[in-house]
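First comes the structure, then the notes that go with it.
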Amino acid sequence: MPRPTVARVDLDALRHNYTLACEKAGTARAMAVVKADGYGHGIAAVAGALANLAPKYAVACLEEARAIRAAGLAQPVVLLQGVHQPGDLAECRERAFEPVLHSAEQLEWLAGAGTPPAFWLKVNSGMNRLGFGPGDLLAVVSGLGVASSRPALQGFVTHFACADDPDSPMTDAQTAAFVSATMPWPELMRSVGNSAAHFRPGQPLFDWSRPGIMLYGGSPVLGKTGPELGLRPVMRLEAPLMATRWLKPGDSVGYGAVWTATVETRMGMVAVGYGDGYPRHAGTGTPAAVGGQRISLIGRVSMDMLAVDLSAAPDARTGDAVELWGDTVPIDEVAGHAGTISYELMTGVTARVPRLYSGN
Ligand SMILES: *Cc1c(COP(=O)(O)O)cnc(C)c1O
């Protein structure tokens, strides 16, 4: 029998979340962001489950777009980082990959590429990672070959830095900069909006929004969990209770002996650790669940196992499945205890953990 440490992936929940993204997007269409192996859920399964809902996918790089085609899916795929070498543009054209071009160098490649692929231009509205400055856009668009690349330009993309924070003035400022920079081309499309922007009242999402984390049930909004926003968790990370024991007052647990029992405590060892992608920085007090009952971690997370306090679950027995995150324990809560975000936890689940799919 295989080791029963698994990531259960609920594809019905994924479709529920995508549908919610579409509702929030209003008149914008939503390209499903499935980069980083579908945020760790498996890109082929995730893209496949959305195939009859999502008109377009978005990924970071060419390799991920190829994985979508290898899964037999035909929708256009937006490459959010463009391409990394000129030779990739021909493949984009042939396979309906739409690179988002962000640099003068990429535009030179485009000019030399023969028939161009459908492409987008990235506008730097304030994030200051990638893109053309709003003031450079006129020159950039006029510089596109009128007979060659200009007709292949689909439109403009920008990305928000602080959309997760409802109190930040940054998103309004970025939206205004984007609107004014792209004003000269009303016939072209506009794409803004990570998941967080879908939850901002009054936020325009233009023609295409780009939900990622919300599809998987992670919260894009500071201080809220996914379920509090109407999202359903897609991944349940689960591992068996391998052993239980009684600790006496004064007994410590695990590396560094950083946790010591003060009263008689029944504890359990769970077969999951940072070698599976469970965050090592999630220390004592991080929630888990067994039999629907919330329990918490004690001591340090090891590579292959971690310890839990079973006081709240006296019926728990060896072999029981422990939920590390899922329906009972929102992944956002675990991320908070580990000083990170749900994105890192989802994408960090290692290859040792089989993904088991339901709902499709
Ligand atoms: C990853 C990414 C998204 C999706 O962001 P979420 O916060 O996961 O919704 C959208 N746009 C761009 C450019 C991205 O890189």
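We count ligands from 1, going down the list as the structure has it; atoms in each ligand are counted the same way. Every value quoted in this text rests on a predicted model; they were computed, and no experiment measured them.
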**Request:** Answer yes if the side chains of Arg210 and Ser191 hold a donor-acceptor pair under 3.5 Å, and no otherwise.
**Result:** yes

**Asked** Side chains of Gln203 and Thr175: is there a donor and an acceptor less than 3.5 Å apart?
**Response** yes

**Prompt:** Between the side chains of Glu98 and Trp120, does any donor sit under 3.5 Å from an acceptor?
**Reply:** yes

Exercise answer, ligand 1 polar atom pairs (N/O) under 3.5 angstrom:
residue	atom	partner	partner atom	Å
ligand 1	7 (O)	Tyr343	OH	2.6
ligand 1	8 (O)	Tyr39	OH	2.5
ligand 1	8 (O)	Ile213	N	2.8
ligand 1	9 (O)	Ser195	N	2.7
ligand 1	9 (O)	Ser195	OG	2.5
ligand 1	9 (O)	Gly212	N	2.9
ligand 1	9 (O)	Ile213	N	3.4
ligand 1	11 (N)	His159	ND1	3.4
ligand 1	11 (N)	Arg210	NE	2.9
ligand 1	11 (N)	Arg210	NH2	3.4
ligand 1	15 (O)	Lys35	NZ	2.6

**Request:** Tell me whether the centres of the aromatic rings in Tyr216 and His41 are closer together than 6.0 Å.
**Result:** yes

**Message:** Taking CD in Glu344 as the centre, count heavy atoms belonging to other residues, nucleotides or ligands within less than 6.0 Å. Is the count above 12?
**Reply:** no

**Request:** Kindly give the heavy-atom pair with the smallest separation between Lys224 and Leu229, and that separation in Å.
**Result:** CD-CD2, 4.0 Å

